[in-house]
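Sequence lines set the chain letters: A, B, ... in the order given, protein chains first and strands last, and positions in each chain run from 1.
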Number of protein chains: 2
Amino acid sequence: MSQGLIPVSETEQSYLNNYNIHDFDVPLTTVDSVLFTVQDGQLFTLLVQRANHPAKGMWGLPGGFVDTQQDTDLDHCAQRHLQQKTGIEAPFLQPLVALGNGQRDPRGWSTSISFYALMAHADCQHYVDTVSDVQWFPLAQAQQMSLAFDHTKILDLALKQLQQKALDSLVLAYALPETFTLTQLQHLHEVILGRSIQSKSFRRRIEQAQVLQDTGEVSDTQGKGKRPSLYRLKPDIAEYRFVRNLEA
Amino acid sequence: MSQGLIPVSETEQSYLNNYNIHDFDVPLTTVDSVLFTVQDGQLFTLLVQRANHPAKGMWGLPGGFVDTQQDTDLDHCAQRHLQQKTGIEAPFLQPLVALGNGQRDPRGWSTSISFYALMAHADCQHYVDTVSDVQWFPLAQAQQMSLAFDHTKILDLALKQLQQKALDSLVLAYALPETFTLTQLQHLHEVILGRSIQSKSFRRRIEQAQVLQDTGEVSDTQGKGKRPSLYRLKPDIAEYRFVRNLEA
DNA sequence: ATAATAGTGTCTTTAAGACATTATAGA
DNA sequence: TCTATAATGTCTTAAAGACACTATTAT
């Protein structure tokens, strides 16, 4: 029997020895992830086509059951399913929401615990290109599709949360290459919000937040115009929240 | 077998007929609630003393397992446990977080889905007074206690979220009587934040938000000074979020 | 009249919006 | 030189902070 964090008394030990999870009608626990990426000035989300019942053949969010043998925690479970189904390596997953009721899954009472992340397109395209049941969909299209279970609702919630983050935080540069330009970062926010941003306002916020490091180097991209400076995230910067949002 | 929202094909039906949840080692699902109230200018949180193993005798958050027969959804489950353990009737529960791993409960892999709410002290004191295993603790004291499972972590997260709400939103007047004064509402925010607020700033925000209705009446409280106007929440106001936070 | 509490006026400060201007590169 | 993109200057605007001041009531 496993040892808990709680001191286990003699009588508690005997209670645990007699405890059998299979005596109860336990609800199912699934973990689902909403992945976003930006490509050609457009937001995309990753969907997988279900190979098995229920909702076989429908597209839905990558995810699956918790495996109590393999998964150390919920985040680990989400990462494992992503890895298995899409070949995607661990972006920075953010907790999203838990939805649970008796109707959402025909197999019975079920809870979906969801995460979301914004990731660099390049970090996954190789694998995704090789299979037909994993695909990036333009967000607007994905929202119109009939997805498995209540995944449309989860997708909508994830987008809302991501947009709020773009208004009150500096959205994770995890979606960008290791070094990037401020214009790239601004474009990322603009695509998420679906509108343009005053670049002066954006740069003032970045300066104030002090979360970026100027590499001293400039982009060697081809094209006209001044070469933009390259920045990287300062180490150990989790998130910066501004006291004032950008206008909605 | 239950009918799902998803169209059930012939083959899907046979899949479902053969599906037995007990064939899998499913994690446990519990739902826990963090209730806050304000009394005498202090924040309190509601704890219950565990009557059973594990962690028997320790104080923890009110909550318990999902009952797939009784509970329609997670929110309903939280309300049911609150009702049963504390006699408290359904405040406005907000989703908080889901924590799940193999260590937090000695009975096995377990997920806690948590909610939090701010409620009026009067709405529950009657019942709580009659039993010894349900008690409001001053928040600071509760945070110092050794609580069951990882409930200290959940409590800390709930407080953080409540404080953020006090900075960027008008915190739910559900914690106040049906009609209340602006000073009462301001005090509520001040207690949550643990510091005083400029009343001019606070009142400007309320005016701008347009979420309160002036009843036209004034408080008949005894005491010196001008009698404050009484307000009530406009119907169907869920939440108002300001573009700019109060200073942290 | 005095004290206490509710509520307003108004000046300062902060940070975003708007948009013109300068800087640097390629063609 | 012309044009495109990067980056900055600076004026305006919105909303919070600070705090003095007025209003209303009980004693």
Worksheet item: Quick one: on DNA chain D, does B:F242 or A:P228 contact a more 5' nucleotide (nearest heavy atom)?
Response: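 By nearest-heavy-atom nucleotide position, the 5'-most residue is A:P228.
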Discussion item. Just to be sure I understand the rule, does B:T181 reach a base, reach only the sugar-phosphate, or reach nothing, if contact means heavy atoms closer than 4.0 Å?
Written reply: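 Touches nothing.
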Worksheet item: Within less than 4.0 Å of OP1 or OP2 of D:dA16, is there a side-chain N or O belonging to A:R244?
Response: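 No, because none of the side-chain N or O atoms of A:R244 sits under 4.0 Å from OP1 or OP2 of D:dA16.
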Discussion item. Rounded to whole Å, how long is the line connecting atom CG of A:D214 with atom C1' of D:dA6?
Written reply: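 These atoms are roughly 13 Å apart.
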Discussion item. Using whole Å, what does the distance between atom C1' of nucleotide D:dA7 and atom CD of A:Q184 come to?
Written reply: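 From A:Q184 CD to D:dA7 C1': 16 Å.
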Item to complete: Give a yes or no on whether the backbone of B:I197 and the side-chain of B:Q186 come within a donor-acceptor separation of less than 3.5 Å.
Response: yes
Discussion item. Using modelled atom types and a 3.5 Å cut-off, is there a donor and acceptor pairing between side-chain atoms of A:T215 and backbone atoms of A:E217?
Written reply: yes
Fill in: With A:E247 via salt bridge (charged side-chain N to carboxylate O under 4.0 Å, His left out) - residues at least two apart
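Result, salt bridge (charged side-chain N to carboxylate O under 4.0 Å, His left out) vs A:E247: none returned.
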Worksheet entry | A:S169 versus A:R205, closest heavy-atom pair with distance | N-NH2, 4.4 Å
Worksheet item: Does any donor atom in the side chain of B:H76 or B:Q79 lie under 3.5 Å from an acceptor atom in the other side chain?
Response: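 No donor-acceptor contact under 3.5 Å links the two side chains.
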Practice prompt. Starting at the 5' end of nucleotides 17-27 of chain D, put B wherever the base has a protein heavy atom under 4.0 Å, S where only the sugar-phosphate does, and a dash everywhere else.
Written response: BBB---BBBS-
Discussion item. Taking atom NZ as the centre, does A:K234 end up with more than 12 heavy-atom neighbours from other residues, nucleotides or ligands that are less than 6.0 angstrom away?
Written reply: yes
Worksheet entry | B:T181 side chain near B:L230 side chain, heavy-atom distance below 4.5 Å | yes
Discussion item. Distance under 4.0 Å to a non-hydrogen atom of chain B counts as contact; along DNA chain C, which nucleotides mark the start and end?
Written reply: C:dA3 to C:dT14
Worksheet item: A:R80 pairs by side-chain hydrogen bond (donor to acceptor under 3.5 Å, both in side chains) with which of A:D71, A:T72, A:D75?
Response: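 Testing A:R80 for a side-chain hydrogen bond (donor to acceptor under 3.5 Å, both in side chains) against A:D71, A:T72, A:D75 leaves exactly one candidate, A:D71.
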